[in-house]
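Here the structure is a predicted model, which is why all the values come from computation and not from measurement.
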Amino acid sequence: MTTDQLKTLLGNHKFALLVAFLMLIMLGFGFQLARYIDKGDGLIVKAQKETIAILSTDNNKLTTRVNQLDVEMELTQLENESLTKTLVEIKQQLEEQQQLLTFYERVVAPEKSDSIFVADDIELFSLGDNNYQLRMVLLQPTQQKSVINGSLKLIIKGELGGEAVAYKSNDDNFIGDDITFRFRYFQAVSIDFSLPKTFEPESLLLSTTVYRYKTNKGNYERTLLWSDIETEVSKSGLSQSSVSTH
């Protein structure tokens with residue numbers, strides 16, 4: 001049935017009422033449908049908000065844990081650095097103690113030796129501007145201990161202006177005197193001296209005649225290469241480990 005036929009059958013008034021009724025039904029259905037859709041969207045939004053809240057909470061927990069781990073890692077690194085530094089210091093102390101123990105063992109209970117005198121632990125420090133410091137320990141390695149004495153002569157050989165030159169400890173332009181020694185067990189020696197700027201040192205010669213009281217007990221002589229014993233010294237300390245010769 002067409003609209004015109006329905007209008008003729010019902011009349012204008014009833015047709016208008018029917019149209020109005022149908023429009024009300026459609027309006028109500030549309031409203032209910034809108035409410036349903038809106039309610040569904042609200043549930044979706046609520047679910048999304050709850051999901052966001054849960055994810056935010058988890059993210060905050062993870063962020064907090066990451067920060068805690070960062071702090072723990074940094075503390076662990078600092079602790080490891082401190083432990084490493086402590087271990088290095090302890091190792092250095094042990095090495096120094098071992099060297100000291102070895103030294104005193106040689107002094108108090110030396111091995112059998114025919115030599116009555118020896119220059120040991122020889123160290124030469126370059127202080128800059130052709131200034132030097134020579135250190136050594138004079139020992140009596142024999143088991144029989146009695147006072148020995150003498151004068152240790154130093155001779156530094158090298159080149160100056162292309163010519164071979166030797167500086168002796170008893171020269172006035174070098175040290176001025178030989179090194180006098182008198183001891184029963186050992187004697188530490190430290191000497192400061194200067195050399196000409198253009199002088200190129202090559203070797204150090206040590207020599208002496210050893211006396212027990214006034215009795216000549218023999219001669220001692222030792223030659224060391226300058227490059228083997230020289231150690232540079234900066235303002236902050238030694239630039240390298242000193243070379244100890246035995």
Side-chain angles (χ1 to χ4, degrees), residues 95-96 99-100 102-103 106-107 110-111 113-142 147-246:
E95 291 176 352
E96 291 174 358
Q99 291 176 359
L100 188 61
T102 302
F103 169 74
R106 293 202 310 270
V107 173
E111 298 178 355
S113 173
D114 295 333
S115 177
I116 194 175
F117 175 93
V118 65
D120 206 351
D121 292 328
I122 301 173
E123 298 173 319
L124 177 67
F125 300 99
S126 175
L127 307 178
D129 296 329
N130 295 93
N131 295 314
Y132 299 90
Q133 184 178 86
L134 178 66
R135 301 177 191 172
M136 69 183 79
V137 178
L138 308 181
L139 293 171
Q140 185 176 182
T142 57
V147 176
I148 58 175
N149 62 88
S151 296
L152 181 64
K153 179 177 293 186
L154 306 181
I155 300 177
I156 298 177
K157 296 182 178 181
E159 289 189 2
L160 180 64
E163 297 182 359
V165 177
Y167 290 94
K168 300 179 180 180
S169 53
N170 56 6
D171 291 342
D172 291 335
N173 58 349
F174 185 31
I175 298 176
D177 287 303
D178 294 336
I179 302 169
T180 302
F181 62 87
R182 179 182 175 83
F183 61 89
R184 182 176 181 181
Y185 294 102
F186 69 93
Q187 179 177 324
V189 174
S190 179
I191 304 168
D192 294 328
F193 61 91
S194 299
L195 294 172
K197 292 183 178 180
T198 57
F199 178 68
E200 298 181 2
E202 296 176 353
S203 63
L204 170 66
L205 173 65
L206 307 175
S207 63
T208 185
T209 299
V210 183
Y211 294 90
R212 179 170 287 162
Y213 302 108
K214 294 184 180 181
T215 304
N216 186 330
K217 302 301 294 184
N219 297 324
Y220 174 84
E221 185 172 303
R222 184 176 185 184
T223 300
L224 300 164
L225 291 178
W226 192 269
S227 58
D228 289 342
I229 59 174
E230 182 181 16
T231 299
E232 296 292 333
V233 178
S234 61
K235 293 182 179 180
S236 59
L238 299 180
S239 62
Q240 63 184 57
S241 299
S242 58
V243 179
S244 177
T245 58
H246 302 283

Please round to the nearest 0.5 Å and tell me the distance separating atom [atom1] of [X] and atom [atom2] of [Y].
| X | Y | atom1 | atom2 | answer |
| --- | --- | --- | --- | --- |
| Leu124 | Trp226 | CG | CH2 | 4.5 Å |
| Lys157 | Leu204 | NZ | CG | 10.5 Å |
| Asp121 | Leu138 | CG | CG | 10.5 Å |
| Tyr220 | Ile116 | OH | CD1 | 13.5 Å |
| Met136 | Leu154 | CE | CG | 5.5 Å |
| Thr208 | Asn149 | OG1 | CG | 9.0 Å |

Determine whether [X] and [Y] make a side-chain contact, defined as any pair of heavy atoms from C-beta on separated by less than 4.5 Å.
| X | Y | result |
| --- | --- | --- |
| Ile155 | Lys153 | yes |
| Tyr132 | Ser126 | yes |
| Leu134 | Ile122 | yes |

Can you name the closest pair of heavy atoms from [X] and [Y] and give their distance?
| X | Y | result |
| --- | --- | --- |
| Asp178 | Ser151 | CB-CB, 4.0 Å |
| Phe181 | Phe183 | CD1-CE2, 3.7 Å |
| Phe199 | Pro201 | O-CD, 3.3 Å |
| Arg222 | Ala119 | NH1-O, 2.8 Å |

* Quick check: are there more than 12 heavy atoms from other residues, nucleotides or ligands sitting under 6.0 Å from CG of Asp129? ->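 12 or below, so no.
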* Report, as yes or no, whether the 6.0 Å neighbourhood of atom CD on Glu159 holds more than 12 heavy atoms from other residues, nucleotides or ligands. =>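 More than 12 heavy atoms, drawn from other residues, nucleotides or ligands, come within 6.0 Å of this atom.
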* Asked: Under 30°, 30 to 60°, or over 60°: which ring-plane class applies to Tyr167 and Phe174, parallel, tilted or perpendicular?
  ->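 Ring orientation, 0 to 90° scale: tilted.
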Backbone of [Y] reached by a side-chain donor or acceptor of [X] within 3.5 Å:
| X | Y | answer |
| --- | --- | --- |
| Asp177 | Ser169 | no |
| Gln187 | Arg182 | yes |
| Gln140 | Arg184 | yes |
| Ser194 | Asn131 | no |

* Identified side chain to side chain contact (heavy atoms under 4.5 Å, CB included) counterpart of Leu225 within the set Asp228, Ile229, Thr223 ->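 Looking at Asp228, Ile229, Thr223, the match for Leu225 under the side chain to side chain contact (heavy atoms under 4.5 Å, CB included) is Asp228.
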